[in-house]
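In what follows, a structure is listed as structure tokens, so that the remarks can point back to it.
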2 protein chains.
Amino acid sequence: MSAQTSVGAGSSGAARRTPFGAARRTAFGTPPVPAAGVPLDDVDRAILRALEADGRMSNKDLADRVGVAASTCHARVAALRARGVLRGFHADVSPEALGRGLQAIIAVRLQAAARARLGAFARGLAERPEVRDVYLLGGAEDVLVHVAVQDSPALRAFVVEHLSTRHEVAHTQTSLVFEHLHAPTVTR
Amino acid sequence: MSAQTSVGAGSSGAARRTPFGAARRTAFGTPPVPAAGVPLDDVDRAILRALEADGRMSNKDLADRVGVAASTCHARVAALRARGVLRGFHADVSPEALGRGLQAIIAVRLQAAARARLGAFARGLAERPEVRDVYLLGGAEDVLVHVAVQDSPALRAFVVEHLSTRHEVAHTQTSLVFEHLHAPTVTR
DNA sequence: AGTGAAAGTAGTGGCCG
DNA sequence: CGGCCACTACTTTCACT
């Protein structure tokens with residue numbers, strides 16, 4: 001199971017309609033389609049840029065913005081989803097609002113023997129509620145874990161319970177995150 | 001200017017309507033509201049969880065999912081936006097589809113004298129098209145830069161041009177990203 | 001606060017430049 | 001392939017509970 005099982009699948013009215021003919025219910029960080037070979041024209045890029053800025057923009061507004069008819073725009077968006085260019089739409093929830101105002105990045109080095117289980121280790125971490133991102137690296141460190149916690153005791157508890165006392169882990173180094181800037185993928 | 005200026009503001013039909021009475025056009029990674037003190041009930045959390053998984057879910061589907069009337073659901077979402085809990089909705093665009101299939105994290109240490117300009121330095125980096133995230137840290141390193149580039153020459157070019165040859169930069173360490181797991185903020 | 005109905009808009013599919 | 005039109009469905013406001 002991935003970082004987010006059953007959130008988009010479980011409960012009541014299962015397969016309902018979503019704008020843009022959403023076939024695939026994309027999970028976080030899971031690439032569903034290998035990304036095609038068609039190069040993306042200016043309209044496609046304008047659509048992606050607009051939807052990165054405001055993912056709930058109506059199709060009509062989007063069409064007006066990029067300068068095509070609504071039907072054309074709708075078809076473009078569906079095609080971008082089908083091609084795997086548009087992986088999904090996600091709400092941006094403030095961690096502070098959930099009482100997790102302290103962020104940190106923990107660099108983790110594994111025991112050499114444990115590197116074979118790196119994937120499972122990382123996926124296990126990603127299921128913890130305090131974990132926001134897990135980066136699997138090649139370099140001096142093996143994993144970077146981005147967490148949001150309530151306070152420094154909670155940070156310490158996370159590091160101790162899930163990292164430093166685990167036998168797979170050789171070394172950890174924790175750094176507080178003072179600010180996190182996130183930039184759009186499509187810039188021009 | 002932030003990591004993303006003018007994307008949600010520029011072109012034609014300026015101030016149009018967006019679902020959920022979007023007042024604020026949230027920029028990437030910019031916290032607009034200090035996050036209130038009302039604790040979030042089960043319905044709020046269910047709404048946030050569903051919208052993190054699928055940010056384009058219709059209000060009707062969302063209402064059915066969380067078990068309230070559409071009008072109630074609509075009001076809840078508007079309130080969550082107004083309180084700054086829901087910061088925005090963003091499309092998830094595959095960097096591979098844009099020809100940037102190689103990701104890396106570069107740890108940067110600045111010259112002591114340049115630390116005063118850290119914020120400006122970070123914001124400058126975030127405006128580069130290859131940059132996805134910039135983390136400002138307290139610890140052994142000052143900044144972590146997450147980039148997506150076309151290939152290793154492009155990675156090298158980025159590091160040389162924007163990091164290692166800059167006089168503010170004392171040291172860089174580049175690690176390739178083999179996998180990136182992103183987890184939702186609201187887990188339960 | 002939450003609900004249900006009513007009016008306004010937007011999404012969807014078929015057909016035509 | 002892109003635009004237009006009609007039909008259906010959803011979003012959003014408001015008076016009531």
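Because the structure is a prediction, the values reported are computed rather than measured. Order of the sequence lines fixes the chain letters, A, B, ..., with proteins taken first and strands second; residue numbering starts at 1 for each chain.
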Original post:
Tell me, do B:H146 and B:H180 make a side-chain contact under 4.5 Å, heavy atoms counted?
Top reply: yes
**OP:** Could you tell me whether the side chain of A:F121 reaches within less than 4.5 Å of the side chain of A:D142, counting heavy atoms only?
**Re:** no
Send over the distance from [X] [atom1] to [N] [atom2], rounded to a whole Å.
| X | N | atom1 | atom2 | value |
| --- | --- | --- | --- | --- |
| B:K60 | C:dG11 | NZ | C1' | 15 Å |
| A:R65 | C:dA10 | CZ | P | 15 Å |
| A:D42 | D:dG2 | CG | P | 13 Å |
| B:N59 | C:dT9 | CG | C1' | 14 Å |
| B:R81 | D:dT11 | CZ | P | 14 Å |
| B:M57 | D:dT11 | CE | C1' | 16 Å |
| B:D41 | C:dG2 | CG | P | 7 Å |

**OP:** Please round to the nearest 0.5 Å and tell me the distance separating atom CZ of A:R109 and atom CG of A:L137.
**Re:** 12.0 Å
Original post:
Any side-chain N or O of A:H74 less than 4.0 Å from the OP1 or OP2 oxygen of C:dG11?
Top reply: no
Subject >> Any B:R76 side-chain nitrogen or oxygen under 4.0 Å from OP1 or OP2 of C:dG2 >> reply: yes
Original post:
Say you pick atom P in C:dT12 and the same atom in D:dT12; how far apart are they, in whole Å?
Top reply: 15 Å
Subject >> Electrostatic pair A:D61:A:R65 at N-O distance under 4.0 angstrom >> reply: no
Original post:
For C:dC16, what is the paired nucleotide under Watson-Crick or G-U wobble rules, both distances under 3.5 Å?
Top reply: D:dG2
**OP:** Find the partner of C:dA1: check Watson-Crick (N1-N3 plus N6-O4 or O6-N4) and G-U wobble (N1-O2, O6-N3) distances, both under 3.5 Å, and reply none if neither fits.
**Re:** none
Original post:
So with a 6.0 Å cut-off around CZ of A:R115, is the heavy-atom count from everything else above 12?
Top reply: yes
Subject >> Pair of N/O donor and acceptor under 3.5 Å linking C:dG4 base with B:S71 side chain >> reply: yes
Original post:
Any idea which of C:dG4, D:dG2, D:dT11 is nearest the B:S58 side chain?
Top reply: D:dT11
